[in-house]
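Every heavy atom of this structure was used, including side-chain atoms; hydrogens, water molecules and symmetry mates were not. Computed from a predicted model, the values in this text were never measured in an experiment. Residue numbers begin at 1 in each chain, while the letters A, B, ... track the order of the sequences.
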Protein chains: 2
Amino acid sequence: MDNPFVKYPGYLLRRASKSRMAQLAQHLEPLGVGVSEASILVLVGRNPGISQAECGRLLSIKRPNLNPIIRRFIERNLIISTKGQGRIQCLNLSESGEALAERITQEFEAQEARIYEAVPPHLRDELVPMLNALWWSQ
Amino acid sequence: MDNPFVKYPGYLLRRASKSRMAQLAQHLEPLGVGVSEASILVLVGRNPGISQAECGRLLSIKRPNLNPIIRRFIERNLIISTKGQGRIQCLNLSESGEALAERITQEFEAQEARIYEAVPPHLRDELVPMLNALWWSQ
DNA sequence: TATTGTTATACTCTATAACTATA
DNA sequence: TATAGTTATAGAGTATAACAATA
């Protein structure tokens with residue numbers, strides 16, 4: 001059978017992205033979080049007091065979709081929400097949230113190392129420039 | 001605000017993939033097909049008599065998810081299904097299916113050209129090897 | 001008014017289980 | 001039995017509209 005797509009960079013790009021996301025999800029599974037959830041926790045950890053709306057903008061998640069995820073984190077006592085300016089809720093990690101974000105960050109770094117090492121040594125310096133060039137920013 | 005992910009190749013890979021898929025979907029929209037649907041039509045055109053199950057394996061689409069898509073193509077008279085060995089249905093493009101697959105292929109080629117040209121000239125020869133290296137094939 | 005948080009809703013993609021039809 | 005097609009279903013992820021709350 002002839003797969004006419006293996007010569008298309010767009011197809012290879014999608015295949016690479018999907019497989020690496022699955023790989024990362026597999027390593028995050030024991031921590032009880034998906035990739036999006038893990039990213040949110042790390043983002044809140046790096047930006048104490050950030051709002052839901054700002055999280056959504058940075059991660060390209062629409063506010064109505066982010067809201068129930070944040071709510072679950074609050075219920076699980078991983079994120080603490082305090083009143084801010086206007087209707088804003090300032091988000092911060094709880095102590096257990098900090099611990100989990102730490103472990104997630106380790107998995108993120110391990111994943112990046114796996115990707116980096118999969119690239120032939122003479123192309124490694126070009127990895128980030130290449131991926132930035134492939135981004136279509138509208 | 002600090003986005004801690006812009007240094008992660010995995011994040012850049014996903015961002016690139018998602019944006020390019022959106023770009024391609026935008027160009028396919030006037031043809032009335034999504035990216036997956038377009039791929040199926042081209043695949044059937046290149047492999048006359050292929051089965052649903054084989055299509056699914058080549059495109060990483062599970063049979064239960066592929067089935068209704070094929071059925072819609074048959075209803076729209078883009079694909080013709082004939083009885084084969086066992087329960088197999090042999091799939092072929094109709095005349096209008098051929099015409100549509102031709103236009104889709106042109107859009108695919110145009111998309112690949114856009115991606116190729118977005119890469120700095122000195123990295124273009126490394127594009128396909130890089131993307132193949134980034135694929136985690138389990 | 002503009003922005004945030006919130007609810008409802010819907011559409012796509014994906015995944016699993018289980019059924020039938022045929023070799 | 002094994003494979004193909006089929007149906008039902010459930011879970012992500014994503015999208016829009018609209019409402020409530022606050023500056």
Side-chain angles (χ1 to χ4, degrees), chain A residues 1 11 14-15 17-26 28-29 32-40 43-44 47 49-75 79-92 138, chain B residues 1 11 14-15 17-26 28-29 32-40 43-44 47 49-75 79-92 138:
Chain A
M1 286 298 161
Y11 174 79
R14 179 153 166 260
R15 187 177 68 172
S17 172
K18 280 187 64 173
S19 68
R20 292 297 175 175
M21 285 292 287
Q23 185 183 35
L24 177 56
Q26 187 174 300
L28 289 174
E29 202 254 27
V33 290
V35 178
S36 294
E37 293 179 323
S39 303
I40 293 164
L43 187 66
V44 172
N47 296 277
I50 195 174
S51 68
Q52 281 189 32
E54 188 63 16
C55 273
R57 277 189 292 269
L58 286 168
L59 295 173
S60 303
I61 303 175
K62 298 257 183 279
R63 286 186 304 286
N65 300 325
L66 187 55
N67 187 271
I69 303 174
I70 299 284
R71 288 272 291 277
R72 257 176 281 136
F73 281 141
I74 295 173
E75 280 167 19
I79 283 182
I80 297 170
S81 162
T82 57
K83 202 175 171 308
Q85 268 287 86
R87 212 192 177 185
I88 289 177
Q89 292 188 1
C90 297
L91 304 178
N92 287 278
Q138 298 271 4
Chain B
M1 286 297 161
Y11 174 80
R14 178 154 168 261
R15 186 176 69 172
S17 172
K18 281 187 63 173
S19 68
R20 291 296 175 176
M21 285 292 289
Q23 184 183 36
L24 176 56
Q26 187 173 301
L28 289 174
E29 202 252 28
V33 289
V35 177
S36 295
E37 293 178 325
S39 304
I40 293 164
L43 186 66
V44 172
N47 297 276
I50 195 175
S51 68
Q52 282 188 31
E54 187 64 17
C55 271
R57 276 189 291 270
L58 286 168
L59 295 174
S60 303
I61 303 176
K62 298 256 183 279
R63 287 187 303 286
N65 299 324
L66 187 56
N67 187 271
I69 303 175
I70 300 284
R71 288 272 292 277
R72 257 176 279 135
F73 280 142
I74 295 172
E75 282 167 17
I79 283 181
I80 296 170
S81 161
T82 58
K83 201 174 170 307
Q85 269 286 88
R87 214 192 175 183
I88 290 177
Q89 294 188 359
C90 298
L91 304 178
N92 287 278
Q138 299 271 3

**Q** Check side chain to side chain contact (heavy atoms under 4.5 Å, CB included) between B:N67 and all other residues, then give those that pass, not counting sequence neighbours.
**A** B:Q52, B:R71
**Q** Would you mind reading off the distance between A:K83 atom NZ and C:dG5 atom P, rounded to a whole angstrom?
**A**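 Atom NZ in A:K83 sits about 11 Å away from atom P in C:dG5.
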**Q** Taking for each residue the nucleotide of DNA chain D bearing the nearest heavy atom, is the 5' side occupied by A:G84 or by A:S60?
**A**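 Final value for this comparison: A:S60.
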**Q** Check nucleotides 16-21 of chain C against the protein and report each pair of N or O atoms closer than 3.5 Å, with its distance, or say if there are none.
**A**
unit_1, atom_1, unit_2, atom_2, d
C:dT20, O2, B:R87, NH1, 2.4

**Q** What is the distance, to the nearest angstrom, from the CZ atom on B:R72 to the C1' atom on C:dC13?
**A**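 Rounding to the nearest Å, CZ of B:R72 and C1' of C:dC13 are 12 Å apart.
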**Q** Separation of A:I79 atom CD1 from C:dG5 atom C1', in whole Å?
**A** 15 Å
**Q** Atom CD of B:E37 to atom P of C:dT14: distance rounded to whole Å?
**A** 12 Å
**Q** Measure the distance from CZ on A:R71 to P on C:dT6 and round it to the nearest whole Å.
**A**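 About 6 Å, once rounded to whole Å.
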**Q** Between the opening five pairs and the closing five pairs of the helix from C:dT1-D:dA23 to C:dA23-D:dT1, how far apart are the helix axes, to 10°?
**A**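 The helix from C:dT1-D:dA23 to C:dA23-D:dT1 shows an end-to-end axis angle of 0°.
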**Q** How many whole angstroms separate atom CZ of A:R15 from atom P of C:dC13?
**A**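 In whole Å, C:dC13 P lies 20 Å from A:R15 CZ.
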**Q** Hey, where on DNA chain D does chain B first and last touch, going 5' to 3'? Cut-off is any atom under 4.0 Å from a heavy atom.
**A** D:dA4 to D:dT14
**Q** Which heavy atom of B:N92 sits nearest to which heavy atom of B:G49, and what is that distance?
**A**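 In this case the closest contact between B:N92 and B:G49 is OD1-N, 3.1 Å.
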**Q** I want to confirm an ordering. Mapping A:K18 and A:R57 to their closest nucleotides on DNA chain C, which one lands closer to the 5' end?
**A**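 Between the two, 5'-proximity favours A:R57.
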**Q** Would you give the length of the straight line joining atom CG of A:N47 to atom CG of A:L91, rounded to the nearest 0.5 angstrom?
**A** 10.5 Å
**Q** So, using side chain to side chain contact (heavy atoms under 4.5 Å, CB included) as the criterion, who are the partners of A:Q23 when residues are at least two apart?
**A** A:R20, A:H27, A:Q111, A:R114, B:W136
**Q** How close do B:G84 and B:C90 get, counting heavy atoms only, and between which atoms?
**A** CA-SG, 3.9 Å
**Q** Could you check how far CD1 of A:I74 sits from C1' of C:dG5, rounded to whole Å?
**A** 11 Å
**Q** To the nearest angstrom, how far is A:I69 atom CD1 from C:dG5 atom P?
**A**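 Checked: the CD1 to P distance equals 14 Å.
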**Q** How long is the gap from CG on A:L28 to OG on A:S39, to the nearest 0.5 Å?
**A** 8.0 Å
**Q** Could you go step by step and tell me if A:I70 and A:L66 meet the side-chain contact (heavy atoms from CB on, under 4.5 Å) rule?
**A** CA-CA 6 Å; A:I70 299 284; A:L66 187 55; 3.9 Å; yes
**Q** Could I get the full list of side-chain hydrogen bond (donor to acceptor under 3.5 Å, both in side chains) partners for B:R15, not counting sequence neighbours?
**A** A:N132
**Q** Who are the side-chain hydrogen bond (donor to acceptor under 3.5 Å, both in side chains) partners of B:S36, not counting sequence neighbours?
**A**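 For B:S36, no residue satisfies side-chain hydrogen bond (donor to acceptor under 3.5 Å, both in side chains) once neighbours in sequence are set aside.
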**Q** Under 3.5 Å, side-chain donor or acceptor atoms of residues 53-64 of chain A against the rest of the protein: list the pairs with distances, not counting sequence neighbours.
**A**
unit_1, atom_1, unit_2, atom_2, d
A:E54, OE1, A:R57, NE, 3.2
A:E54, OE1, A:R57, NH2, 2.8

**Q** Please report the interatomic distance CD1(B:I88) to OG1(B:T82), rounded to the nearest 0.5 Å.
**A** 11.0 Å
